[in-house]
Amino acid sequence: MTNLEIAELLRDVAAAYQLKDQNKYKFQIIAYERAADAVEHATSELKDLWDDGKLEEVPGIGPSIAEHLGELFKTGHSRHFDELMKDIPKEAFKLMELPGIGIKTALRLIAQGEPSEVKKLLKEVEVREKKTKRHLLPYAASTAGFIIDWMKKDKNVIQIDPLGSLRRNVSTIGDIDILAKVKGKSEKVKVIEHFTKYPNSQKTIEAGDTTASILIPGDIQIDLLVSTTEQYGAALQHFTGSKHHNIALREFSLKNGYSLSEKGIREIRNPKHEIRKFKTEKDFYNFLGLDYIEPELREDTGEIEAAKNHSLPRLIELTDVKADLQIHSSFDIETSHDLGASSMEEVVKKADELKYEYIAFTEHNPSQKGHTDFQITEKLKAKKEEVEQINYSIKNMNTKYIRRVFNSLEIDMKSDGSLPVPGEGLNTLDFALVSIHSNFDLPRDVQTKRVMAALSHPRVKIFAHPTGRKLNEREGAELNWPEIFEFCLKNNKWIEINCDPMRLDLPDTLVREAVKLGVKLTFGTDAHHIDGMNNMTFGVSVARRGWCEKTNIVNCLDLKSFEKLLV
DNA sequence: GCCGTTTTCGGCCCGACTGTTTTCAGTCG
């Protein structure tokens with residue numbers, strides 16, 4: 001069972017409890033929903049954690065749920081869950097996937113609704129399941145941009161910001177949330193009305209005094225919140241989320257006698273006292289005795305504690321990046337995969353525009369099929385000469401920042417972890433990347449050994465797009481991450497944050513683990529055209545979400561320090 | 001059922017919107 005399936009099951013259990021005595025089981029409902037959230041956010045497969053006896057280390061899973069899950073893993077069933085859900089039709093759980101339908105509505109529909117009506121809804125669930133794809137970050141950002149432009153046409157809008165997962169730079173975005181600042185109450189109404197008239201809107205889902213939602217083509221939901229200048233800080237904080245961050249923040253504040261909402265902060269001991277208002281988020285957090293928390297960190301993974309202790313990281317920024325360590329040029333070495341579209345010269349000029357000091361050319365290795373080891377080595381020698389030529393001509397290229405290009409290679413590791421490049425060929429390289437392009441579904445232990453074998457050659461420095469996931473398309477390979485991290489630390493290997501918006505791999509949750517352990521990371525845009533080099537910003541977002549400072553990233557070193565690492 | 005710089009017991013986030021509810025339950029973020 002995957003974590004997603006387990007999370008769904010736990011939510012179904014919570015729903016089953018809702019049908020029993022609501023008051024009696026109120027907290028079981030909350031507990032199971034929290035456990036479901038925790039499972040969804042876990043960095044390891046739950047099954048693996050159970051194998052290692054570490055289920056209860058997941059916050060939100062205690063002795064009881066751990067025991068039920070253990071039984072589930074061992075026998076395929078949990079008697080407790082089965083008993084709870086035995087009288088509830090399976091269709092009811094399915095129907096709950098539709099917005100606005102909870103367990104009670106679902107049961108009512110099944111009990112008294114037309115059977116054909118229920119069938120229609122179930123079909124809708126199926127369609128939904130197929131296209132319930134979340135939107136890639138750049139796509140969501142540009143969609144939000146269009147709506148923001150539309151909203152700015154209304155003179156009543158003083159300021160407007162994207163919110164939610166978009167503002168937190170999550171790799172994939174569900175709904176797009178937007179906050180508008182207006183002067184007073186009467187302007188709110190006008191702005192909401194203007195919003196519902198967005199030319200591209202298919203339907204208004206809801207429209208109240210302060211919030212509204214519309215649906216645009218592609219089944220994308222846009223939520224708008226309108227707030228006044230006086231309350232803008234509190235509203236920005238509230239709507240940026242994440243939900244988990246806000247829950248944790250409110251629990252923290254309750255202990256200090258404060259109740260939080262999007263309107264501001266209320267003192268519990270003086271209920272008649274007016275709500276304290278905040279124009280900025282910084283003021284809001286500071287009032288609670290916390291340092292300002294960057295949106296990327298607001299996931300309830302220790303940021304509140306760190307803000308209290310003044311130990312939040314100084315997050316990396318795009319301008320800290322001095323290099324791009326995965327780029328494919330059009331120099332043809334008859335690769336095993338796709339060639340880049342831009343010449344080495346074009347790439348160098350683009351790198352200079354981006355103010356990089358150095359870059360690496362990392363074409364795919366020459367294909368084994370159709371080449372002898374000798375021929376592969378010959379191809380790589382030719383590439384080495386070309387790179388040397390580029391390095392020589394950089395001095396005359398009228399560039400400002402770029403000083404060196406490195407001769408590298410993205411090597412497609414074989415299923416046993418050996419490399420399809422002979423030793424002599426490897427010796428032509430300054431350093432190499434290895435990555436998985438086949439056999440994604442090997443058992444965890446086998447896959448882990450494979451990767452460590454591939455990383456073992458002294459020329460190999462980087463494990464590129466390490467999970468191999470493609471967002472909305474395929475899950476990544478299963479790896480024993482603690483073991484890989486330990487191997488990298490011990491042998492001075494680095495792990496890539498691939499900046500391709502479809503990959504964003506290493507995922508942010510694993511970046512966080514790597515940072516905690518001190519494993520060094522690199523950025524590579526994996527560009528196959530100079531335009532792709534602009535994707536660095538998305539990799540930086542992933543790094544920020546993983547609590548990276550610039551010291552965690554190899555590409556932030558200046559050229560001299562980087563060269564020293566290669567010796 | 002989970003969890004701990006006020007607790008191993010006694011707490012558990014907060015408000016908005018919708019519908020048929022005439023005072024609130026269900027659902028959502």
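Note that the structure is predicted; figures quoted are calculated from it, not measured. Every chain is numbered from 1, with letters handed out A, B, ... down the list of sequences.
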Touch class at under 4.0 angstrom, heavy-atom based, for Gln28(A) against every strand present: base
Rounded C1' spacing from dT8(B) to dC2(B) in Å: 12 Å
Spacing between Ile275(A) atom CD1 and dC14(B) atom P, to the nearest angstrom: 12 Å
Cut-off 3.5 Å, no hydrogens considered: what does the side-chain donor-acceptor table look like for residues 225-237 of chain A, sequence neighbours left out?
unit_1    : atom_1 : unit_2    : atom_2 : d
Tyr232(A) : OH     : Asp161(A) : OD2    : 2.7
Gln237(A) : NE2    : Asn246(A) : OD1    : 3.1
Gln237(A) : NE2    : Tyr285(A) : OH     : 3.0

Distance, rounded to the nearest Å, where Arg34(A) contributes CZ and dG1(B) contributes C1': 11 Å
Between dT18(B) and dT22(B) - C1' atom distance, rounded Å: 15 Å
No-hydrogen, no-angle side-chain donor-acceptor test under 3.5 Å, Asp505(A) and His465(A): no
Sugar-phosphate only, base, or nothing, as touched by Tyr17(A) at under 4.0 Å among non-hydrogen atoms: sugar-phosphate
Side-chain donor-acceptor pairs under 3.5 Å in residues 475-482 of chain A, sequence neighbours left out?
unit_1    : atom_1 : unit_2    : atom_2 : d
Asn480(A) : OD1    : Glu483(A) : N      : 3.3
Asn480(A) : ND2    : Glu483(A) : OE1    : 3.0

Salt bridge Glu40(A)-Arg11(A), side-chain N to carboxylate O under 4.0 Å: yes
Counterpart residues, salt bridge (Lys or Arg N to Asp or Glu O under 4.0 Å), relative to Arg298(A) (two or more places apart): Glu281(A)
Listed partners of Glu251(A) passing side chain to side chain donor-acceptor pair (under 3.5 Å), at least two apart: Arg34(A)
Sugar-phosphate, base or nothing in reach of Tyr32(A), heavy atoms under 4.0 Å: sugar-phosphate
Pair partner, dT8(B) [Watson-Crick or wobble, under 3.5 Å]: none
Side chain to side chain donor-acceptor pair (under 3.5 Å) partners of residues 89-107 of chain A, not counting sequence neighbours, each pair once: Lys94(A)-Glu129(A)
Could you pull out every donor-acceptor pair under 3.5 Å between side chains of residues 301-309 of chain A and any protein atom, sequence neighbours left out?
unit_1    : atom_1 : unit_2    : atom_2 : d
Thr301(A) : OG1    : Arg512(A) : NH1    : 3.0
Glu303(A) : OE1    : Asp300(A) : N      : 3.2
Glu303(A) : OE1    : Thr301(A) : N      : 2.7
Glu303(A) : OE2    : His245(A) : ND1    : 2.7
Glu303(A) : OE2    : Glu299(A) : N      : 3.1
Glu303(A) : OE2    : Asp300(A) : N      : 2.6
Asn309(A) : ND2    : Glu305(A) : O      : 3.2

Between C1' of dA16(B) and CG of Leu224(A), the distance in whole Å: 14 Å
Within residues 43-65 of chain A or reaching into it, pairs that qualify as ring pair (Phe, Tyr, Trp, His ring centres under 6.0 Å) - sequence neighbours excluded: Trp50(A)-Phe73(A)
Touch class at under 4.0 angstrom, heavy-atom based, for Ser253(A) against every strand present: nothing
Touch class at under 4.0 angstrom, heavy-atom based, for Leu260(A) against every strand present: sugar-phosphate
Pairs touching residues 143-156 of chain A that satisfy side chain to side chain donor-acceptor pair (under 3.5 Å), sequence neighbours left out: Trp150(A)-His194(A), Asp154(A)-Asn156(A)
Can you pull every protein N or O that's under 3.5 Å from an N or O on nucleotides 2-8 of chain B?
unit_1 : atom_1 : unit_2   : atom_2 : d
dC2(B) : OP1    : Gly62(A) : N      : 2.6
dC2(B) : OP1    : Gly62(A) : O      : 3.2
dC2(B) : OP1    : Ile65(A) : N      : 3.2
dC2(B) : OP2    : Ser64(A) : N      : 3.3
dC3(B) : OP1    : Gly60(A) : N      : 2.6

Rounded distance in Å between the C1' positions of dG11(B) and dT6(B): 12 Å
Sugar-phosphate only, base, or nothing, as touched by Lys263(A) at under 4.0 Å among non-hydrogen atoms: sugar-phosphate
Span that lies between the C1' atom of dT21(B) and that of dT27(B), in whole angstrom: 14 Å
Exceeds 12 heavy-atom contacts within 6.0 angstrom, atom CZ of Arg474(A): yes
Partner residues of Glu294(A) under the salt bridge (Lys or Arg N to Asp or Glu O under 4.0 Å) criterion, sequence neighbours left out: Arg544(A)
P-based separation of dC12(B) from dC17(B) [nearest Å]: 26 Å
Euclidean distance, atom CZ of residue Phe252(A) to atom P of dC14(B) [Å, nearest integer]: 14 Å
Residue Lys516(A) excluded, over 12 heavy atoms near NZ under 6.0 Å: yes
Distance, rounded to the nearest Å, where Glu67(A) contributes CD and dG1(B) contributes P: 10 Å
Rounded interatomic separation in angstrom, taking CZ from Phe27(A) and P from dC12(B): 7 Å
Base versus backbone protein contacts along nucleotides 23-29 of chain B [heavy-atom cut-off under 4.0 Å; B, S, -]: ---SSSS
Produce the list of close N/O pairs, under 3.5 Å, pairing protein atoms with atoms of nucleotides 17-20 of chain B; give distances to one decimal.
unit_1  : atom_1 : unit_2    : atom_2 : d
dC17(B) : OP1    : Asp209(A) : N      : 2.9
dC17(B) : OP1    : Thr210(A) : N      : 3.1
dC17(B) : OP1    : Thr211(A) : N      : 3.3
dT18(B) : OP1    : Ala207(A) : N      : 3.0

